[in-house]
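Just so you know, ligand 1 is whichever comes first in the structure, and atom 1 is the first atom listed for that ligand.
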Amino acid sequence: MIKANGKTFLLQGKNYSYAMHVLESGFLQHLYYGGKITETDLDYLIEIGDTNAPHIDMNMDMAFDRMLSEYGFYARGDYREATAVFERKDGASMSRLRYQSYRVEKGAPNVKGMPHVRQGDETLVITLKDDFSDISVDLYYTVCDNSDVLVRSSVIRNTGRESIMLKKAFSFRAQLPNGNYRMMRLAGTWGQERIPEIAPIAHGITRLQSIQGCTSHNTNCFMGILKEGCTEDSGECLGIQLIYSGSFALTAEWCKNGPLTLQGGICDTGFSWELNGGEEFVTPQVLLTYSGEGIGGMSRSIHDFLRERVINPAYVYKRRPIVVNNWEATYFDFNEEKLFPIIDEAGKLGIDTFVLDDGWFGKRDSDWSGLGDWFVNEKKLKGGLKTIIDRCKKNGLKFGLWFEPEMVNEDSDLFRTHPDWAIHKDGVEPCRSRQQLVLDFTRKDVVDNIFGVVSKVLKENEISYVKWDMNRNITEVYSAQLPAHRQGEFMHRYILGVYDLAERLTSAFPNVFFEGCAGGGGRFDAGMLYYFSQIWTSDDTDGFERTKIEWGTSVCYPLSAMSCHVSVCPNHQTQRITPFETRGNVASLGAFGYELDLSKMTEEEKALTKAQIESYKRTSELILKGDLYRLMNPLEKNYFCVMVVSKDKSEAYVVGERILGIPCDYNQYLYLCGLDENALYKIEELNITASGKALQNAGLLLPKLSDFGSWAWHLKKV
Ligand code: GLA
């Protein structure tokens with residue numbers, strides 16, 4: 001619900017309110033963001049702002065730092081980080097924006113060329129105008145009545161004739177009053193993506209960012225702000241999450257006695273954008289999620305929102321194919337003789353799709369060659385893709401294929417023909433991460449060419465699944481096609497090129513299911529999820545390490561977005577040995593599959609695989625649509641446990657793991673969550689029937705298991 005009258009603005013979602021006011025002086029002051037309040041008139045809070053505002057005219061411009069404001073300006077008395085910087089022809093860039101007008105529109109804005117929220121109820125657009133330049137900024141607020149997610153973005157318009165250089169163009173500013181807050185971030189590295197970390201916010205600026213050209217393994221484009229006392233299950237918190245996949249920044253700035261200023265969007269390091277007269281610049285959208293039910297409540301709101309309004313509606317609630325992927329089974333060293341037994345076994349076990357990973361194309365026998373040559377390597381696959389696909393069909397399987405469309409090896413026909421298509425700067429030796437270079441996706445001719453060659457493969461073969469990988473960061477940020485003063489546009493233009501290709505391929509092949517990947521989970525974000533309904537979560541499939549990664553990833557992404565496979569032991573990343581059953585249980589918490597040579601499994605493992613597949617078919621609806629409750633955090637405890645409850649609370653699925661066996665560790669209880677207190681539930685595996693109230697309050701005794709032992713329980717209302 002939006003209430004607006006040109007002076008006061010009140011936004012209300014399911015459980016939150018957000019209020020703003022235009023001061024006499026024209027500044028847009030933030031009044032309140034938190035749990036839902038019934039008052040529509042918060043004028044009694046305005047006094048603080050009004051006493052500040054006259055100071056400005058008295059030249060006591062320090063006062064701006066204390067003002068809760070909706071948009072920051074530069075070099076004009078607000079010494080916090082500017083939300084955007086507009087540099088004019090004469091080099092001046094001071095700005096001060098005041099309210100000009102507003103409008104309320106139905107639905108969500110239709111953003112072109114970038115991933116965005118597909119539906120919303122109403123959108124408030126407030127226009128601010130700069131005192132010193134021809135810049136106007138439209139602030140967008142999209143509200144959904146049944147959701148706690150507020151969608152923010154801004155559009156910067158040059159209403160004059162002369163071009164203006166944007167030196168920074170964040171998407172939003174949000175404010176919280178002075179207080180003690182902690183920040184949750186999802187940090188990591190390759191193989192350990194999105195491990196949650198919570199720390200107090202200190203004075204100054206805390207900045208989460210990627211300058212790598214993708215959202216990165218290191219820092220996800222998510223920031224959680226926890227109010228004092230907020231835990232997994234209770235208290236207030238705010239999630240800030242970008243629908244963006246390129247270099248980004250999210251900042252939290254706290255000045256003494258002042259409010260907490262939250263901002264972010266496209267990373268400003270190295271960024272600039274020439275905005276000619278009459279042009280506009282659209283910033284990526286940001287999801288602000290309010291929760292009064294702890295971090296868990298925030299996650300559940302985000303999961304619902306991404307599923308209902310961001311991820312492709314054609315696939316989001318469809319049971320995902322159970323795949324077997326050959327990467328860890330064969331790496332580059334395969335031929336039909338090695339692949340057929342895997343496919344044949346997959347057919348016997350009830351797997352849906354065989355995915356042929358890296359190595360099927362060009363001269364791709366190692367990292368050093370072939371990328372860019374998207375035609376089949378007939379030395380390896382003598383009968384081409386057709387014989388593999390036929391073998392799949394014979395076994396009742398569908399076929400999936402790996403691509404890395406954004407990349408090229410120097411040893412490839414593509415590079416030999418178009419060396420200038422790789423990102424490079426003449427005279428600068430390129431970084432050869434994983435022996436490969438990145439194609440210049442700021443160029444339309446490059447994107448068009450890749451669209452053509454990938455489309456050809458998809459058209460000529462019966463392919464139902466594509467794994468789109470991206471295995472390195474961007475360096476030598478430069479395009480020979482852009483003039484000197486537009487080089488700062490490179491990183492954003494690159495990701496717009498990726499979005500363009502993703503949009504064209506997914507539209508041209510609506511029956512092909514796309515999975516994202518970036519050297520594991522290096523580009524796991526809501527932007528990619530708009531195009532690809534699931535993403536390979538991490539190259540680390542170890543039965544214990546994955547529990548931490550799934551825990552952290554689930555903070556702001558639904559389980560159905562996380563692609564999770566059972567792999568071989570000793571694990572290729574950690575050398576650890578965990579029970580096959582545990583690897584299956586941990587993988588069952590996402591889009592499920594296998595990543596090993598099925599033909600080399602023992603009979604016992606084959607029997608377990610069959611049982612896992614059967615079980616997954618039963619729980620897949622829960623994984624796609626259910627409410628997630630995180631119960632035992634493996635980063636804090638010797639256990640991992642999460643559960644998913646169906647929306648009607650008739651069913652639940654509980655998966656847990658005891659990390660290490662330790663002595664005298666008996667009488668440990670597990671308290672379930674999210675059940676119907678008054679209903680009776682039967683836990684099949686334990687042969688226990690108890691009320692939701694008992695299972696939540698008295699709990700269950702944890703099973704006594706040795707190292708990495710695990711459980712998976714199905715609960716049904718009786
Ligand atoms: C990345 C992916 C893997 C696999 C390899 C192939 O590392 O994360 O799953 O596809 O590339 O080169």
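Relative ring orientation between Tyr494 and Phe490 is described as parallel, the plane-to-plane angle staying below 30° on a 0-90° scale split at 30° and 60°. Taking the six-membered ring where tryptophan is involved, the planes of Phe403 and Trp360 are perpendicular, since the angle between them exceeds 60° and thus also 30°. Tyr594 and Phe592 have perpendicular rings, their planes meeting at more than 60° on a 0 to 90° scale where under 30° would count as parallel.
Looking only at side-chain heavy atoms (C-beta outward), Tyr557 and Asp525 come within less than 4.5 Å of each other. Side chains of Glu328 and Leu596 form no contact here, defined as non-hydrogen atoms less than 4.5 Å apart.
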Would you mind writing out a table of all protein N or O atoms found under 3.5 Å from any N or O atom of ligand 1, naming both atoms and giving the distance to 0.1 Å?
residue	atom	partner	partner atom	Å
ligand 1	7 (O)	Asp539	OD2	3.0
ligand 1	8 (O)	Gly520	N	2.8
ligand 1	8 (O)	Asp539	OD1	2.5
ligand 1	8 (O)	Asp539	OD2	3.1
ligand 1	9 (O)	Lys467	NZ	2.8
ligand 1	9 (O)	Trp536	NE1	3.4
ligand 1	9 (O)	Asp539	OD1	3.4
ligand 1	10 (O)	Asp357	OD1	2.6
ligand 1	10 (O)	Asp357	OD2	3.3
ligand 1	10 (O)	Trp402	NE1	3.0
ligand 1	10 (O)	Lys467	NZ	3.0
ligand 1	10 (O)	Asp469	OD2	3.3
ligand 1	11 (O)	Asp469	OD2	2.9
ligand 1	11 (O)	Asn471	ND2	3.1
ligand 1	12 (O)	Asp358	OD2	2.6
ligand 1	12 (O)	Arg434	NH1	2.9
ligand 1	12 (O)	Arg434	NH2	2.9

Q: Apply side-chain contact (heavy atoms from CB on, under 4.5 Å) to Val644 and Thr619, showing your working.
A: CA-CA 9 Å; Val644 202; Thr619 54; over 6 Å; no
